[in-house]
Amino acid sequence: MSFLAIDIGNTNITFGILEAGNSVAEARIATKTPRTSDEIRWQLNHFLHDFESSSKIEAAGIASVVFDKTPLVHRAVQDALPEIQCDIVGKTVFPKITITYDPPSAVGVDRLCNVIAGMRRWGTPLIIVDFGTATTIDAVDSEGIYLGGAIAPGIETSLQALALNAAQLYSIALELPPSPIGRNTADAMRSGLLWGALGAVDSLAMKFAMEIGGAPRVVATGGLAPILCPHSLIISEYVPGLVLEGIELICREN
């Protein structure tokens, strides 16, 4: 049987189908596009139909950092799959982890989903980097306690800010330039955005590791992670869909 996990992020709403704890299908729609719950239900039904999964879904869960979208998506799931239970992380189900963040409720549920899934995969201590709308780095010590982390502008967010606020700069495709030394404006921007972000992440993760101790594993998820991880000095592995895995784990544990 399958589990439907939905991650409502700042940029995308991601639908995922998980079987045996692994994501087997994913689809995304833009978060900021105005939609009714009926429109979201139609999108969800198309996704389920494409993967012939509606009859196999036994439960569903939602993690959201965009609170005004949560009831719309929840209603869409209830209408599309009326016979299953759909939980909301942080509202009807909660991660079973000790949190020292102040206050604990301020930690984004997507970050906690990453951590829960990461602990299942790799154990502790652990550092997780998520290259999303914001670049987040989260730390778990050897006892499985969530310590906190760092939040920085995401790479695409930084690009949008440059293109909007700098008169002679513009939007570009985000791909690694031939050299860190940009020899034209586009490559200079790519170098600053991509190599700069990776340098910041590596530096922060190394500082986290020194503070945590115990040689924590450093892993990454998020859209731009596949481009950057092979060049990192400290990231050992990239896993897509970590938030979706965490949603399922939290819902099933509850």
Side-chain angles (χ1 to χ4, degrees), residues 5 7-16 18 22-32 63 65 108 110-111 113-115 117-118 121-122 126-139 149-166 169-209 216-247:
D7 172 26
I8 307 176
N10 289 298
T11 301
N12 292 312
I13 299 172
T14 303
F15 302 127
L18 294 97
N22 297 308
S23 177
V24 297
E26 292 182 24
R28 293 167 180 80
I29 59 176
T31 302
K32 293 182 180 179
V65 297
D110 53 342
R111 298 169 68 185
C113 288
N114 278 338
V115 165
R121 279 179 171 265
W122 301 287
L126 180 67
I127 296 170
I128 296 182
V129 181
D130 190 339
F131 291 100
T133 306
T135 297
T136 59
I137 311 174
D138 293 293
I151 303 173
I155 297 171
E156 292 180 334
T157 303
S158 297
L159 171 59
Q160 292 168 8
L162 275 177
L164 180 64
N165 293 293
L169 300 183
Y170 43 85
S171 186
I172 55 171
L174 286 171
E175 54 192 32
L176 282 174
S179 164
I181 302 174
R183 288 168 168 80
N184 56 64
T185 300
D187 281 349
M189 292 173 65
R190 291 186 180 101
S191 180
L193 290 163
L194 294 167
W195 286 116
L198 184 59
V201 163
D202 279 352
S203 177
L204 279 168
M206 289 177 186
K207 292 181 186 298
F208 281 23
R217 180 185 286 266
V218 183
V219 299
T221 190
L224 288 170
I227 299 174
L228 298 173
C229 288
H231 306 280
S232 171
L233 300 175
I234 191 169
I235 296 171
S236 63
E237 191 169 349
Y238 157 70
V239 177
L242 205 57
V243 171
L244 302 178
E245 292 183 24
I247 294 170

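In terms of heavy-atom proximity, V243 sits nearest to C113 at O-CB, 3.6 Å. In terms of heavy atoms, I172 sits closest to A186 at CD1-O, 3.6 Å. Taking all atoms of both residues into account, the shortest heavy-atom contact from T221 to A225 is O-CB, 3.6 Å. Residues A134 and I151 share a closest heavy-atom pair of CB-CG2, 4.1 Å. Taking all atoms of both residues into account, the shortest heavy-atom contact from L244 to S23 is CD1-OG, 4.3 Å. The two residues C229 and A220 have their closest heavy-atom pair at SG-CB, 3.5 Å.
Distance alone, capped at 3.5 Å, places no donor-acceptor pair between the N12 side chain and the T14 backbone. Checking side-chain atoms of R190 against main-chain N and O of A173 turns up a donor-acceptor pair under 3.5 Å. Of the possible polar contacts, none joining the D187 side chain to the R183 backbone as a donor-acceptor pair under 3.5 Å is found.
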Exercise. What do the steps show when you test D202 against L198 for side chain to side chain contact (heavy atoms under 4.5 Å, CB included), and what is the final call?
Worked result: CA-CA 6 Å; D202 279 352; L198 184 59; 4.1 Å; yes
Exercise. Run the side chain to side chain contact (heavy atoms under 4.5 Å, CB included) check on M206 and L233 step by step: do they pass?
Worked result: CA-CA 9 Å; M206 289 177 186; L233 300 175; 3.7 Å; yes
For this session: Take H231 and L194, measure what side chain to side chain contact (heavy atoms under 4.5 Å, CB included) needs, and give me the verdict at the end.
Result: CA-CA 11 Å; H231 306 280; L194 294 167; over 6 Å; no
For this session: Could you give me the CA-CA distance, side-chain angles and deciding distance for V115 and L126, then say whether side chain to side chain contact (heavy atoms under 4.5 Å, CB included) is met?
Result: CA-CA 8 Å; V115 165; L126 180 67; 5.6 Å; no
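Inter-residue side-chain proximity for V65 and T133 is flagged as unmet; no heavy-atom pair is nearer than 4.5 Å. For the pair L159/S171, a side-chain contact is recorded, criterion being any heavy-atom separation below 4.5 Å from C-beta on. The shortest side-chain heavy-atom distance between I235 and V201 falls under the 4.5 Å cut-off. Between N10 and T31, every side-chain heavy-atom pair lies at or beyond the 4.5 Å cut-off. Taking 4.5 Å as the limit, every side-chain heavy atom of F131 sits out of range of all side-chain heavy atoms of I227. Residues F15 and I29 are in side-chain contact: their nearest non-hydrogen atoms beyond the backbone lie under 4.5 Å apart. Looking at E245 and L18, their side chains come closer than 4.5 Å, going by heavy atoms from C-beta outward. The shortest side-chain heavy-atom distance between R121 and V219 does not fall under the 4.5 Å cut-off.
Around CD of E156, the count of heavy atoms belonging to other residues, nucleotides or ligands within 6.0 Å does not exceed 12.
To the nearest 0.5 Å, atom CD1 of residue I155 and atom CG of residue L224 are 5.0 Å apart. Between the CD1 atom of I234 and the CZ atom of F208 there is a distance of 10.5 Å, given to the nearest 0.5 Å. Here the CG atom belonging to L176 is positioned 6.0 Å from the CG atom belonging to L228, to the nearest 0.5 angstrom. Atom-to-atom distance recorded for N114:CG and I247:CD1 is 9.5 Å, nearest 0.5 angstrom. Atom-to-atom distance recorded for M189:CE and L174:CG is 8.5 Å, nearest 0.5 angstrom. Distance CG/D130 to OG1/T135: 8.0 Å, rounded to 0.5 Å.
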